[in-house]
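Below: one structure, written as structure tokens.
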Amino acid sequence: MDTGSYPMWEQYRLKREHYIIGLMSGTSLDGTDAALVRILTDDSGALQKIALVDFVCVPYSNELREVLIRLCLPETARVDELTAAHFGVSEWYAHSVKELIRSSGISSGQVDAISMHGQTVWHAPVASAFPGPAGESLPVVSTLQIGESAVVRERTGLPVVGNLRARDMAAGGEGAPLTPYADALMFRSPEEGRLVQNIGGIGNVTVLPSASSNEGISAFDTGPGNMVMDAIVRQATGGRQHYDPNGSIAAQGRFNQDLVDLCLDDTYFKRLPPKSTGREVYGAAYAARLMEMAAARSLSLEDTLATATCLTAETIVRAVKDFILPKVHISAMLACGGGTSNATLMEMIRQRLPEGIRLERTADYGIPDDAREAIGFALLGHEALMGRANTLPAVTGAKHAVISGHLTL
């Protein structure tokens, strides 16, 4: 693609006002988030201002959600269904873009590009053996986010930045978490240390020391976020319900501390950051085992959900106590993601946080709780188009920073 005498990315860098759409569908498998972000830069190209113009969420149908759940399990994934979903889910992304443009009232011609995360079906940051070209065994890390960017490009007419995790993994990183780079742009404070705690399917935390540079920023996955709770609800209701609305079911039960402690005796929670995890560890099989242990203790559904909710709260707070506070002074935790709508979970976190750490929400800072990741991926796409490294090696464990993302023109 060439517009005038400059390639698309060169024209993008010459502009001072950019409109970019961030697309995100997370491990909760609840739908597609689309954020239209306005980015202002100065004459040198440095970022000056970020503003959310509009945001839409398109919920997945039950049928699509069941397909994706099957694809996230090696026991049920089929290559023909995976291939179809790789293209099919792209139609949902394109639909989300069109809905966002319609809702915002701007024309598609004003949008510069789309930055698309895709739907993670498998994330394997721990190396496994793979046959090498010289007969040797190679240690290979891998990840797969489905969603064909060419389909989104064709349906919307807009350039697409996608496959944002692969380059970091090629450089020796875990490919996750990626949004801390964007968190620093949105929430860093020179006066106080802050945590940005996302509670999606998986929980992940960004550590932002009081500073005006990226020095000292770290991040890692804390463990299960909503994933175990959601799986328990799905299994208990035969798929009729997919989550615990507002934590109301868990609020009627009592958590079993012995079972929580047993779950906390998990090697992942003891591993030093950087680290990442996903559905392959804390998915349906993990939830089924937890339900079996709960049944052996004669726990009701309410008690089982309260226990799973407590597990998420404990893993989040223990990560703060074990890995963050010994190194960084923290004044506030800014929560975001779908888990912030779970009042029972939020209260459990609040009760467990050390004294002196405020529990707030990114919405208090102008970034809606459910839009933070989509905005973050818009910023990652922007930085890639500007030709700037958009990863933090200290966060992912990569050998060096990279410009991550593939561009479909």
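Any value given below was found using the heavy atoms of this structure, including those in side chains, with hydrogens, waters and symmetry copies removed.
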With V207 as reference, evaluate V320, V395, L195, V196 under the side chain to side chain contact (heavy atoms under 4.5 Å, CB included) test and give the passing residue. L195
No-hydrogen, no-angle side-chain donor-acceptor test under 3.5 Å, Q119 and Y60: yes
Which of parallel (below 30°), tilted (30 to 60°) and perpendicular (above 60°) describes F323 and F220? perpendicular
Hey, are the side chains of D230 and H242 touching, using non-hydrogen atoms and a 4.5 Å cut-off? no
Got a donor-acceptor contact below 3.5 angstrom from the R240 side chain to the T237 backbone? yes
Smallest separation among heavy atoms of S108 and L158, with atom names: O-CD2, 3.6 Å
Please examine the side chains of E302 and L299, heavy atoms only from C-beta on, and report whether any two atoms are closer than 4.5 Å. no
Using a 6.0 Å cut-off, check whether atom CD of Q351 has over 12 heavy atoms from anything other than its own residue. yes
Indicate whether the side chain of D266 and that of Y282 have a donor and an acceptor atom separated by less than 3.5 Å. yes
Would M229 and N342 satisfy side-chain contact (heavy atoms from CB on, under 4.5 Å), going step by step from the backbone distance to the final call? CA-CA 11 Å; M229 296 180 284; N342 186 325; 3.9 Å; yes
Salt bridge or not between R350 and E347? Use side-chain N to carboxylate O under 4.0 Å. yes
Test side-chain contact (heavy atoms from CB on, under 4.5 Å) applied to V260 and C263, step by step: CA-CA 5 Å; V260 172; C263 292; 5.8 Å; no
Go through the steps for I20 and V111 under the test side-chain contact (heavy atoms from CB on, under 4.5 Å), then give the verdict. CA-CA 6 Å; I20 188 163; V111 180; 6.0 Å; no
Decide yes or no for R372 and T179: does some side-chain heavy atom of the first lie under 4.5 Å from some side-chain heavy atom of the second? yes
Using only atom types and a distance under 3.5 Å, with no angle test, would you say the side chain of D244 pairs donor to acceptor with the backbone of S248? yes
Does any part of the side chain of R352, heavy atoms only, come nearer than 4.5 Å to the side chain of C310, both counted from C-beta? yes
Short side-chain to backbone donor-acceptor contact, D303 and F255, under 3.5 Å: no
State, without any angle test, whether E148 and S90 hold a side-chain donor-acceptor pair at a distance under 3.5 Å. no
For R279, side-chain hydrogen bond (donor to acceptor under 3.5 Å, both in side chains) partners two or more places apart: none
Could you tell me the separation between the CD atom of E10 and the CZ atom of R13, rounded to the nearest 0.5 Å? 7.0 Å
Looking only at side-chain N and O atoms, does Y93 offer a donor or acceptor that is under 3.5 Å from a partner on S25? yes
Report yes or no: does T222 contribute a side-chain atom to a donor-acceptor pair with the main-chain N or O of A319 at less than 3.5 Å? no
Between D265 and K270, does at least one N-O distance fall below 4.0 Å, as a salt bridge requires? yes
Would you tabulate the side-chain donor-acceptor contacts of residues 69-76 under 3.5 Å, counting partners in other chains and residues two or more places apart, or write 'none'?
{"from": "R70", "atom 1": "NE", "to": "E81", "atom 2": "OE1", "distance (Å)": "3.4"}
{"from": "R70", "atom 1": "NH2", "to": "E81", "atom 2": "OE2", "distance (Å)": "2.7"}
{"from": "T76", "atom 1": "OG1", "to": "R70", "atom 2": "O", "distance (Å)": "2.7"}
{"from": "T76", "atom 1": "OG1", "to": "L73", "atom 2": "O", "distance (Å)": "3.4"}

Given 3.5 Å as the limit, does a donor-acceptor pair link the side chain of Y19 with the main chain of I39, or not? no
Looking at D183 and R194, does any basic side-chain N land under 4.0 Å from a carboxylate oxygen? no
Gap between atom CE of M227 and atom CD1 of I199 - 0.5 Å precision: 13.5 Å
Would you mind reporting whether V126 and V141 have side-chain heavy atoms less than 4.5 Å apart? no
Side-chain donor-acceptor contact under 3.5 Å, S189 with E191: yes
Are side-chain N/O atoms of T312 and E314 paired as donor and acceptor at under 3.5 Å? no
Identified side chain to side chain contact (heavy atoms under 4.5 Å, CB included) partner of M116 from the options L23, L164, I21, V161: L23
Sequence neighbours excluded, which residues qualify as salt bridge (Lys or Arg N to Asp or Glu O under 4.0 Å) partners of R289? none
Looking at E192 and R358, is there a salt bridge between them, counting it only when a charged N and a carboxylate O are closer than 4.0 Å? yes
Show me, pair by pair, the donor-acceptor contacts under 3.5 angstrom made by side chains of residues 46-56, not counting sequence neighbours?
{"from": "Q48", "atom 1": "NE2", "to": "D42", "atom 2": "OD2", "distance (Å)": "3.3"}
{"from": "D54", "atom 1": "OD2", "to": "S103", "atom 2": "OG", "distance (Å)": "2.6"}
{"from": "D54", "atom 1": "OD2", "to": "S104", "atom 2": "N", "distance (Å)": "3.1"}

Any side-chain to backbone donor/acceptor pair from T344 onto G247? Under 3.5 Å, distance only. yes
Sort and list the pairs that fulfil side chain to side chain donor-acceptor pair (under 3.5 Å) and have at least one residue in residues 329-341, not counting sequence neighbours. T340-D369
Do the non-hydrogen side-chain atoms of T307 and T304 ever get within less than 4.5 Å of each other? no
Worked verdict on M186 versus Y365 for side-chain contact (heavy atoms from CB on, under 4.5 Å): CA-CA 9 Å; M186 292 185 282; Y365 294 78; over 6 Å; no
Validation row: L262, M293 side chains within 4.5 angstrom (heavy atoms): yes
Listed once per pair and sorted, the side chain to side chain donor-acceptor pair (under 3.5 Å) pairs that draw on residues 394-406, sequence neighbours left out: N163-H406, D168-T396
Side chains of T362 and F187: closer than 4.5 Å at any heavy-atom pair? yes
For T120 and W122, indicate whether the former's side chain and the latter's backbone hold a donor-acceptor pair under 3.5 Å. no
Greater than 12 external heavy atoms within 6.0 Å of E154's CD: no
Shortest non-hydrogen contact between V228 and A308, atoms and distance: CG1-CB, 4.1 Å
For A134, is there any backbone N or O sitting under 3.5 Å from a side-chain donor or acceptor partner on E136? yes
Run the side-chain hydrogen bond (donor to acceptor under 3.5 Å, both in side chains) check on H117 and R165 step by step: do they pass? CA-CA 8 Å; H117 173 264; R165 298 192 185 276; 3.0 Å; yes
Distance-only, no hydrogens or angles: does the E174 side chain make a donor-acceptor pair with backbone N or O of S276 under 3.5 Å? yes
Main-chain N/O of G200 paired with N226 side-chain donor or acceptor, under 3.5 Å: yes
Take atom NZ of K15 as the centre, draw a 6.0 Å sphere, and report whether it contains more than 12 heavy atoms from other residues, nucleotides or ligands. yes
